Amino acid sequence: MCPVRRRDFISMMGGIPFLAKTGNEPEGNSPGHAGGGMEQGGEYGLADTPEKRRVYTRDLLERLCTDIGPRPTGTAAFARGAEIIRKEMERSLPQVEMDRYSFERWELIEEPEFDLGGQYIETYPAHGSEGTPPDGVSGVLEKSGSGFMLVDPGSGEEKARITVSQYGRAIPGYRSRTDPPSPVSFGVGKQDLPLLENAVRDKTPAWLKAWSRFIPDDPGMNVVGRLPGRRKDEILFIAHADTVYSSPGANDNTASVVIMLMLAHAAAGRSFDHTLTFIAADGEEYGQLGAKNYAEKRLSGQTMEDIRFVVNLDSLTYGPNLWINSEQEEVKSIIRDIHDDLNIRAVPRFGGSDGFVMDSAPFRPSGAQAMHVNSRGYDEKTLPVYHRPDDHAKDVPLDCAEIGFRVFDEFIRRADGL
């Protein structure tokens with residue numbers, strides 16, 4: 001039997017589907033709505049001490065991850081989380097809006113199953129993957145690159161694809177919809193690799209099932225907050241607020257959203273030359289839908305060129321050592337200097353990407369200095385819970401959240417002077 005029981009499966013999928021078409025979505029603000037700020041009673045002191053930041057981080061993680069759970073894009077659960085984030089932005093920022101769009105949503109509608117010669121294998125189908133027929137698909141396994149495929153033993157036709165997690169137990173991947181449809185894709189854990197390899201050798205019969213559906217014109221929403229500066233040049237922060245359907249997403253990426261909210265609270269008590277924009281993006285786990293939608297609006301509104309810096313905060317609590325991807329030497333120098341000047345007890349790592357990665361990729365036309373930020377350091381503890389049901393709020397390393405806040409709070413100050 002599958003260890004993910006039906007009540008847990010329903011919770012993982014976000015409960016009752018989001019009913020925006022019937023008017024049951026939470027109302028957001030229109031552009032330019034004054035929510036926080038000094039004249040509105042904004043709460044700048046929310047993040048002004050390490051202890052307040054610890055309390056704030058733990059509280060929001062509990063509210064978003066523990067109380068709600070997984071928040072995949074388009075679900076009622078995501079809408080509830082977005083409403084919490086909107087209200088948090090309004091506590092300090094003068095302009096907050098819900099940036100809405102529609103998309104074709106993928107939904108898993110029954111627990112997946114993987115039987116290998118009578119033995120249960122934990123599995124999660126890829127988000128966006130086509131489903132199997134009602135009676136599943138059967139065949140034998142063959143090796144395929146770093147994974148496997150299920151093939152018909154007579155015809156050799158591929159029936160399903162199987163990927164192996166590099167970090168630990170089974171996780172879902174992501175597959176974009178294709179025409180003609182691609183074979184259904186399943187994820188398994190690395191602990192089951194020997195079983196699958198033996199099954200290839202022994203031609204062990206395998207059977208997999210996953211029912212899914214696509215729902216047209218479903219609602220997506222980004223939460224966007226702005227702090228106008230003395231000029232239109234802009235520093236843009238983005239952190240995705242959605243999770244995969246299998247995880248409450250405390251490290252990926254709720255903690256980063258909380259860090260971004262604390263940056264907004266701290267910034268709202270100061271004045272800047274640059275305008276600051278903070279985006280809690282939807283749909284990152286499903287092809288960066290929210291970031292793409294918002295970037296398209298900036299392009300059509302001819303304001304994309306105002307953006308001077310794009311900072312994508314993605315999983316900042318996997319460890320204390322920030323993993324910075326940027327081609328801009330100026331950006332790298334700022335990060336190094338901040339660590340030295342503030343005596344941050346961590347060592348930033350620099351990757352080879354240009355920084356336009358995942359949710360920052362749609363902003364490439366801005367010509368901005370881009371940075372994609374992840375983290376490493378507590379790998380044996382944090383990476384195995386990536387996209388897993390046990391990515392819990394209580395296990396988020398708060399020292400990593402504090403490092404993320406301190407580094408990027410100071411980054412805002414220094415970038416504003418450029």
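Computed from heavy atoms alone, side chains included, the values below leave out hydrogens, waters and symmetry copies. Only a predicted model underlies this, so the values are computations on that prediction, with no experimental measurement involved.
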Apply side-chain contact (heavy atoms from CB on, under 4.5 Å) to Asp306 and Asp233, showing your working. CA-CA 5 Å; Asp306 295 341; Asp233 291 350; 5.7 Å; no
Can you name the ring-ring contact (aromatic ring centres under 6.0 Å, His included) partners of His127, sequence neighbours left out? Trp106, Tyr286
Using atom types as modelled and distance alone, determine if a side-chain donor or acceptor of Thr132 lies under 3.5 Å from a backbone N or O of Ala210. yes
Nearest non-hydrogen partners of Ala393 and Ala250, listed with the distance: N-CB, 3.6 Å
Report yes if the side chains of Phe114 and Lys209 come closer than 4.5 Å at any heavy-atom pair, otherwise no. no
If you round to the nearest 0.5 Å, how far is CH2 of Trp323 from OG of Ser375? 9.5 Å
Before giving the answer on side-chain hydrogen bond (donor to acceptor under 3.5 Å, both in side chains), spell out for Asn251 and Thr317 the whole-Å C-alpha distance, their side-chain angles and the decisive distance to 0.1 Å. CA-CA 6 Å; Asn251 286 286; Thr317 52; 2.6 Å; yes
Can you tell me how far OH of Tyr174 sits from OG of Ser185, rounded to the nearest 0.5 angstrom? 12.0 Å
Using side-chain heavy atoms (C-beta onward) and a distance below 4.5 Å, is Leu236 in contact with Tyr294? yes
Nearest heavy-atom neighbours spanning Glu113 and Thr123: C-CG2, 4.2 Å
With rounding to the nearest 0.5 angstrom, report the CG to NZ distance, Leu193 to Lys190. 10.0 Å
Hey, mind stepping through Leu322 and Arg349 against side-chain contact (heavy atoms from CB on, under 4.5 Å) and telling me if it holds? CA-CA 6 Å; Leu322 296 176; Arg349 299 169 53 180; over 6 Å; no
Close side-chain approach of Lys332 and Glu327, heavy atoms under 4.5 Å: no
List for me each residue that meets side chain to side chain donor-acceptor pair (under 3.5 Å) alongside Glu402, sequence neighbours excluded, and say none if there are none. Arg53
If every non-hydrogen atom of Asp416 is compared with every non-hydrogen atom of His274, which pair is closest and at what distance? OD1-N, 2.7 Å
Taking salt bridge (charged side-chain N to carboxylate O under 4.0 Å, His left out) as the test, write out the residues that go with Asp192, two or more places apart. none
Contacts of Arg54 that satisfy side chain to side chain donor-acceptor pair (under 3.5 Å) - sequence neighbours left out: Glu51
Kindly compute the distance separating CE (Met98) from CE (Met89), expressed to the nearest 0.5 Å. 9.0 Å
Show, in sequence, the C-alpha distance, side-chain angles and deciding distance for Arg298 and Glu296, and conclude whether the salt bridge (Lys or Arg N to Asp or Glu O under 4.0 Å) test is met. CA-CA 5 Å; Arg298 296 295 300 264; Glu296 287 172 1; over 6 Å; no
Would you list the pairs meeting salt bridge (charged side-chain N to carboxylate O under 4.0 Å, His left out) in which at least one residue belongs to residues 338-348, sequence neighbours left out? Asp341-Arg414
Where at least one partner belongs to residues 399-418, residue pairs that pass ring pair (Phe, Tyr, Trp, His ring centres under 6.0 Å), sequence neighbours excluded: Phe309-Phe411
Going by an N to O cut-off under 4.0 Å, is there a salt bridge joining Arg177 and Glu104? yes
Between atom CZ of Arg231 and atom CG of Asp273, what is the distance when rounded to the nearest 0.5 Å? 5.0 Å
Is the shortest side-chain heavy-atom distance between Cys400 and Ile403 below 4.5 Å? no
Under 4.0 Å between a Lys/Arg side-chain N and an Asp/Glu carboxylate O for Lys232 and Glu234? no
Taking all atoms of both residues into account, what is the closest heavy-atom pair of Pro365 and Leu299, and its distance? CB-CD2, 4.0 Å
Apply the test side-chain contact (heavy atoms from CB on, under 4.5 Å) to residues Ile334 and Asp337: give CA-CA distance (whole Å), side-chain angles for both, the deciding distance (0.1 Å), then the verdict. CA-CA 5 Å; Ile334 291 174; Asp337 289 346; 5.9 Å; no
Identify the heavy atoms of Lys52 and Leu46 that sit nearest to each other, and give their distance. CB-O, 3.6 Å
Determine whether Arg308 and Ile235 make a side-chain contact, defined as any pair of heavy atoms from C-beta on separated by less than 4.5 Å. no
Check whether NZ of the Lys or CZ of the Arg Arg161 lies under 6.0 Å from the centre of the six-membered ring of Phe148 and within 45 degrees of that ring's axis. no
Which residue, Asn253, Leu316, Val373, forms the side chain to side chain contact (heavy atoms under 4.5 Å, CB included) with Ile259? Leu316
Looking at Ser326 and Met371, would you say the former's side chain and the latter's main chain have a donor-acceptor pair under 3.5 Å? no
Going by an N to O cut-off under 4.0 Å, is there a salt bridge joining Asp242 and Arg71? no
Does Tyr386 have any side chain to side chain donor-acceptor pair (under 3.5 Å) partners at least two apart in sequence or in another chain, and if so, which? none
Applying ring-ring contact (aromatic ring centres under 6.0 Å, His included), name anything that partners Phe278, two or more places apart in sequence or on another chain. Phe237
Have Asp359 and Asn312 got a donor and an acceptor in their side chains that come within less than 3.5 Å? no
Which residue pairs satisfy the salt bridge (charged side-chain N to carboxylate O under 4.0 Å, His left out) criterion with at least one member in residues 360-382, sequence neighbours excluded? Asp354-Arg364
Testing Asn222, Asp282, Asp252, Thr73 one by one against His240 for a side chain to side chain donor-acceptor pair (under 3.5 Å), which residue passes? Asp252
Quick one: are Glu88 and Leu60 in side-chain contact, heavy atoms under 4.5 Å? yes
Could you tell me whether the side chain of Thr382 and the main chain of Tyr378 form a donor-acceptor pair under 3.5 Å? yes
When you look at NZ of Lys143, are more than 12 heavy atoms from neighbouring residues, nucleotides or ligands closer to it than 6.0 Å? yes
Shortest non-hydrogen contact between His372 and Ser360, atoms and distance: CB-OG, 4.5 Å
Restricting to side chain to side chain donor-acceptor pair (under 3.5 Å), what partner residues turn up for Ser144, sequence neighbours left out? none
Consider only side-chain N and O atoms of Ser92 and His265, and report whether a donor and an acceptor are under 3.5 Å apart. yes
If you look only at distance, which donor and acceptor atoms sit under 3.5 Å apart when one is on a side chain in residues 164-172 and the other is two or more places apart or in another chain?
from   : atom 1 : to     : atom 2 : distance (Å)
Ser165 : OG     : Tyr167 : N      : 3.2
Ser165 : OG     : Gly168 : N      : 3.3
Arg169 : NE     : Glu122 : OE1    : 3.3

Sub-4.5 Å side-chain heavy-atom contact between Pro389 and Tyr124: yes
Taking atom CG of Leu116 and atom CG of Leu141, what is their separation to the nearest 0.5 Å? 6.0 Å
Is there a donor in the side chain of Ser247 and an acceptor in the side chain of Arg388, or the other way round, less than 3.5 Å apart? no
So do Leu276 and Ile412 actually touch side chain to side chain, heavy atoms under 4.5 Å? yes
Who are the salt bridge (charged side-chain N to carboxylate O under 4.0 Å, His left out) partners of Asp59, not counting sequence neighbours? Arg63
